[in-house]
Amino acid sequence: MLFELLLASAVVCLAYNIYKYMVRKTLDLQGPRSLPIIGNIHSFIQDGGPVWQVQIWAKEYGDAFKISILGEEIVILSDYDSIYEALVERSNDFAGRPYENSYAINKWFSHGIFTQDFTQGFRAYKKLGLRGLKQHGDGISRIVNISKENISNTVKEFKEENGQPFQPHDKLQNLLCRIIICVLLGENTPYKEDDGEFARKWLEDLEENLRGPFFYLIEMFPWTRYFGNPVYSTLNEMIKSRNKTFTEWIERFKHYKQESGERTLIKELLAAKEDGKMTDDGIFGIMTDTFIAGIFTTRTTTSGFLLAMMNFPDIQSKLHEEIDCVIGKEQLPELSDREKMPYMEATILETLRYMSMVPTILHKTTCDTHIAGCDLPKNTQVWMNLYGMHHDKRYFKHNPDSFDPTRFLDSDGHLVPHEERKAVLAFGAGRRVCMGEVLAKTRVFLLLTQLLQNFYFEQADPENPVLFDMRKFIAGPDTLIAPKFKIVAKPR
Ligand code: HEM
């Protein structure tokens, strides 16, 4: 009986997709040929996932083109003018998040900020999240203090490797996990070894499961979960273990909060719940967003930077010179050193551009609107191809596929004016801009500067060098994740 019911619901879903295909109105844009009903999905499963396929299409069909997925037409933008217009100039029109089919899986995970559509609820959550992260005024000093203490531990761990090859992956992840737990729970709430183990296992499972055919199958046909899709059962287990750990974190926070007047993200969320403005799902959702985005993104960025150091010793030497001149060998880096270190700023900017670790951002129109000369009905998915824009000759004239921080420096070694680097939108912009941009930039600067102050980074095996090649990164649905690699950190 159960099987018949499941089969019947699968048939209804399929019939709905066929109906959507039959009644679809087509957008006035060109794009790759698509198959009936499934559209272009099959192209996503091959050749490393959607990111690289989108680049191939963008070269063929231009700055604005359309693809089709299960009867739904999706617009893909790749040029700065249209992306800026959609993200910033007419931000409200394009601030929706697609939910149906794509992102469905994230939605089960998180009722937080990232996956929410552009509703009143979203706006209230984002405001709360931003307030809880406190990335301005004395909030920045707090982030700096938390970061500095933890970074010094990581430097010590790197030193303990005695110049022998090791994988920096877990050490970086532990560091970022400690910082995020501090940001969430406050400085007085102790970190436990189990926290790092939970993060390691949980994020590894996430990386493993948010890609591959079973993932795309469940994204497109959520009902395949009833037919034993293995991704679904793993994700269910992950949700259970997340709920258990987050509940324990909240209890731990409640236990220690008396000792501190510090404002933390959890404190904001619990206060909002008391005022009836937040649900338990919302709290777990915002914690999940902060946990995932706060670790994955920065781990990938710092790993990418280390790969650049191993591959471009000249760039590393220039950074060493700048650090020695501005900070010296004894002082710890301060955030105020940033403005005196244009070469470091340019190298971080180049890392964000070159990697484009969030290569495509997925938005949806919130009303009938238009872009690139094309009328778009409400609820049209619009994907911004940040990777394509970041590797476009029109905005990055000197070989955009090469890693070259000097593209952001003038002849006197100063950072070029904002106008000349405006096409780097690694954190997005407008209504859906990254919630942790300031936190991320602060941590990345302090961490990388302190690492370079202490070490020369070299290839672990010069005969078989690990290249800084984005095609070797793991392509998830909306992020590129650095692979694990070995490095040598020679004390300076
Ligand atoms: C190098 C590090 C990071 C990069 C490159 C990055 C990049 C991005 C990008 C491109 C978006 C999507 C914008 C859009 O959809 O238009 C985003 C969204 C978001 N990021 Fe980050 N991020 C980073 C670090 C962080 C950190 C540290 C946190 C939190 C602690 C964070 C939290 C979020 C959240 C909650 C959103 C969703 C915002 C919304 O939907 O309105 N991110 N990020």
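Sequential numbering from 1 along the given sequence is applied to the chain's residues. Read the numbers this way: they start at 1 and go in the same order the structure lists the ligands and their atoms.
Among protein heavy atoms, the minimum distance from atom 39 (C) of ligand 1 is reached at Arg432 NE, 3.5 Å. Annotation: atom 4 (C) of ligand 1 to nearest protein heavy atom, Phe427 CE2, 3.4 Å. The single protein non-hydrogen atom nearest to atom 18 (C) of ligand 1 is Cys434 CA, 3.6 Å, given as residue, atom name and distance. In this structure, atom 33 (C) of ligand 1 lies nearest to the protein heavy atom Met435 N, 3.6 Å. Nearest to atom 28 (C) of ligand 1 among the protein's heavy atoms is Gly436 CA, 3.6 Å. With respect to atom 12 (C) of ligand 1, the closest heavy atom belonging to the protein is Ile361 CG2, 3.6 Å.
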Start with the C-alpha distance between Phe427 and Val438, add both sets of side-chain angles, then the distance that settles side-chain contact (heavy atoms from CB on, under 4.5 Å), and finish with yes or no.
CA-CA 10 Å; Phe427 294 91; Val438 179; over 6 Å; no
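Of the options Ile239, Ile250, Thr279, a side chain to side chain contact (heavy atoms under 4.5 Å, CB included) to Phe284 is made by Ile250 and by none of the others. Considering Tyr354, Phe305, Phe312 as possible partners of Phe468, the one that fulfils the ring pair (Phe, Tyr, Trp, His ring centres under 6.0 Å) test is Tyr354.
Residue Thr298 has no N or O atom closer than 3.5 Å to an N or O atom of ligand 1. In terms of polar-atom proximity, Thr297 is not counted as a contact of ligand 1, lacking any N or O under 3.5 Å from an N or O of the ligand.
A salt bridge links Lys441 with Glu437: the distance from a Lys NZ or Arg NE/NH1/NH2 to an Asp or Glu carboxylate oxygen falls below 4.0 Å. At a threshold of 4.0 Å, the pair Arg178-Glu193 counts as salt-bridged, since one of the basic side-chain nitrogens sits closer than that to a carboxylate oxygen.
Ligand 1 has at least one atom lying under 4.0 Å from a heavy atom of Arg97. The closest approach between His363 and ligand 1 falls below 4.0 Å for a heavy atom of the residue. By the 4.0 Å heavy-atom criterion, Arg443 is counted among the residues contacting ligand 1.
Other residues, nucleotides and ligands contribute over 12 non-hydrogen atoms within 6.0 Å of the CD atom of Glu207. Under a cut-off of 6.0 angstrom, the local environment of NZ in Lys484 is crowded, with over 12 non-hydrogen atoms contributed by other residues, nucleotides or ligands. Applying the 6.0 Å contact sphere to NZ of Lys486 captures no more than 12 heavy atoms from other residues, nucleotides or ligands.
Around atom 37 (C) of ligand 1, the closest heavy atom drawn from Phe122, Phe114, Phe118, Phe94 belongs to Phe114. Scanning Ala293, Ser91, Ala426 for the heavy atom closest to atom 5 (C) of ligand 1 points to Ala426.
Interface of Thr301 with ligand 1, defined as ligand atoms under 4.0 Å from a residue heavy atom, comprises 1 (C). Contact atoms of ligand 1 toward Ala440: 2 (C), 24 (C) (distance under 4.0 Å to a heavy atom of the residue). Less than 4.0 angstrom separates some heavy atom of Leu439 from each of these atoms of ligand 1: 30 (C). Below 4.0 Å from some heavy atom of Lys126 lie the following atoms of ligand 1, by number and element: 38 (C), 39 (C), 41 (O). Against a heavy-atom cut-off of under 4.0 Å, Gly294 is close to the following atoms of ligand 1: 26 (C), 27 (C).
With a 4.5 Å cut-off on side-chain heavy atoms, Lys364 and Arg97 do not count as touching. Between Ile67 and Gln53, every side-chain heavy-atom pair lies at or beyond the 4.5 Å cut-off.
Remark: Arg407 is not positioned above the aromatic ring of Phe396, lacking an NZ or CZ atom under 6.0 angstrom from the ring centre and at most 45 degrees off the axis.
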